[in-house]
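What follows is a short report on a single structure.
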Protein chains: 2
Amino acid sequence: MQSNPTTDIQQVKDIFSEHLRERKARRTPERFAILEEIYNRDDHFDAESLYIHMKTNNYRVSRATVYNTLELLVSCDLVKKHQFGKNLAQYEKSYGYKQHDHLICNTCGRVTEFCDPRVQQIKNMMGDILSFRVTGHSLNLYGECAGACERTQ
Amino acid sequence: MQSNPTTDIQQVKDIFSEHLRERKARRTPERFAILEEIYNRDDHFDAESLYIHMKTNNYRVSRATVYNTLELLVSCDLVKKHQFGKNLAQYEKSYGYKQHDHLICNTCGRVTEFCDPRVQQIKNMMGDILSFRVTGHSLNLYGECAGACERTQ
DNA sequence: ATACCTGCAAAAGCTTTGCACAAGG
DNA sequence: CCTTGTGCAAAGCTTTTGCAGGTAT
């Protein structure tokens, strides 16, 4: 994931706070701690590793709360959820990041990001043709890294 | 899924048979029964519903064999496997069908297919730019059907 | 004859749920 | 206060695995 030094954690917290208010959901310390944890990471992660990482850092939190909060964050677009062909959801922060798609190496599992404006053209055209309001998409390319890559993930 | 009257089940069985031979895997009646079952369907399905359908038709088969065979069929491109954002793999027959992508209604779950040549252009260009051998892809558009749709699936 | 395959059931792995207690509004 | 959220553990669901018996080659 590209680093983006302009992302201000406070801005993100404000957006989340506002989203919670709109939903009449409570602003609990756990929810903000999870948000912070996610925005301190720079990779794709799954719910379990997020949970483990917080436990390791002595933050008392439960899996239930992690899943619950991830869903809240996805619903306000602060986090994106992916299924890279496995039965394990992967997440990444998304505020301040350009929309992008993913290229996944079948051998080493590495995930690379890319952007292509044609994706937006496809969304627009297919929405029109098929009378469908397109609100999101997922495009993953699968294959093999060039140089040598090991099965590490 | 578009119907395709030109698909000949015998042709498909021959391809599978050849694939099994190459792999030095056995040509068991179960494997061909599952292949036939899949090619008699015209929709996207999950492993459990395929299993249930065969049991209902009094074909004695186990989940283990269904999963095993689905993997074999995916590996020789007779079946495609999808993850439409849920933790439940969906499959569809693919021999004789044009490559296509999917549009999924978040409300009613309906899956519509579409083709757009720009997907291939993106694959080619990104493979080049990122030194990646692209062997497959998955493009799903999510949104809402135009007219009224009910949550039925 | 001998691998490999199958059915069955149990296990595994991710996610959701139930419940009692805690705490935000 | 009252309702929603939390932690914990158990349940739920899809998929995988172990094992004993069966079968393709």
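Just so it is clear: chains get the letters A, B, ... in the order the sequence lines come, proteins before strands, and each one is counted from 1. Worth knowing before you read on, the calculation uses all heavy atoms, side chains too, and leaves out hydrogens, waters and symmetry mates. Predicted model, so just to flag it, every value in this text is computed and none were measured.
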Mind calculating the distance between CD (A:Glu48) and P (C:dA12) to the nearest angstrom? 15 Å
Just checking A:Lys86: base, sugar-phosphate only, or nothing, at a heavy-atom cut-off of under 4.0 Å? nothing
Rounded to the nearest Å, what distance is computed from the CG atom of residue A:Leu20 to the P atom of nucleotide C:dG24? 14 Å
Residue B:Lys55, side-chain heavy atoms: nucleotide from C:dA23, C:dT15, C:dC8 that is nearest: C:dC8
With nearest nucleotide decided by heavy atoms, which residue, A:Tyr51 or B:Asp46, maps closer to the 5′ end of DNA chain D? A:Tyr51
When the distance from CZ of A:Arg23 to P of C:dG25 is rounded to whole Å, what number comes out? 16 Å
So what does A:Asn68 hit on the nucleic acid, given a heavy-atom distance under 4.0 Å: a base, only sugar-phosphate, or nothing? sugar-phosphate
Nucleotide C:dT16, atom P - distance to CG of A:Leu72 in whole Å: 12 Å
Going by the side chain to side chain donor-acceptor pair (under 3.5 Å) test, name the single residue among B:His44, B:Lys81, B:Lys80 that passes it with B:Glu92. B:His44
Using whole Å, what does the distance between atom P of nucleotide C:dG25 and atom CD of A:Glu22 come to? 15 Å
Does the side chain of A:Tyr95 reach to within under 4.5 Å of the side chain of A:Gln11, using non-hydrogen atoms? yes
Answer yes or no: does a side-chain N or O of B:Thr65 lie under 4.0 Å from OP1 or OP2 of C:dG7? yes
Heavy atoms of other groups near A:Arg27 CZ, more than 12 under 6.0 Å: yes
May I ask you to verify whether the side chain of B:Arg26 and the base of C:dC5 hold a donor-acceptor pair under 3.5 Å? no
Return yes when atom CD of B:Glu71 has more than 12 non-hydrogen atoms of other residues, nucleotides or ligands closer than 6.0 Å, and no otherwise. no
Classify the ring geometry of A:His82 against A:Phe84: parallel below 30°, tilted from 30° to 60°, perpendicular beyond 60°. parallel
Measuring only between side-chain heavy atoms, which start at C-beta, is A:Phe114 closer than 4.5 Å to A:Leu139? yes
Flag side-chain contact, heavy atom, 4.5 Å: A:Ser75 against A:Arg23: yes
Using the closest heavy atom to pick a nucleotide of DNA chain D for each, name whichever of A:Lys24 or A:Arg63 lands nearer the 5' end. A:Lys24
What is the separation between atom CG on A:Asn87 and atom P on C:dT16, rounded to the nearest whole Å? 13 Å
In terms of side-chain heavy atoms of B:Arg31, which of C:dC5, C:dG7, C:dG25 is nearest? C:dC5
Quick note, B:Ala64 side chain, CB onward, closest among C:dC8, C:dT2, C:dT6 is C:dC8
Could you state the atom-to-atom distance from OH of B:Tyr67 to C1' of C:dA12 in whole Å? 13 Å
Quick one: how far along DNA chain D does chain A reach, first to last nucleotide 5' to 3', anything under 4.0 Å to a heavy atom? D:dT3 to D:dT15
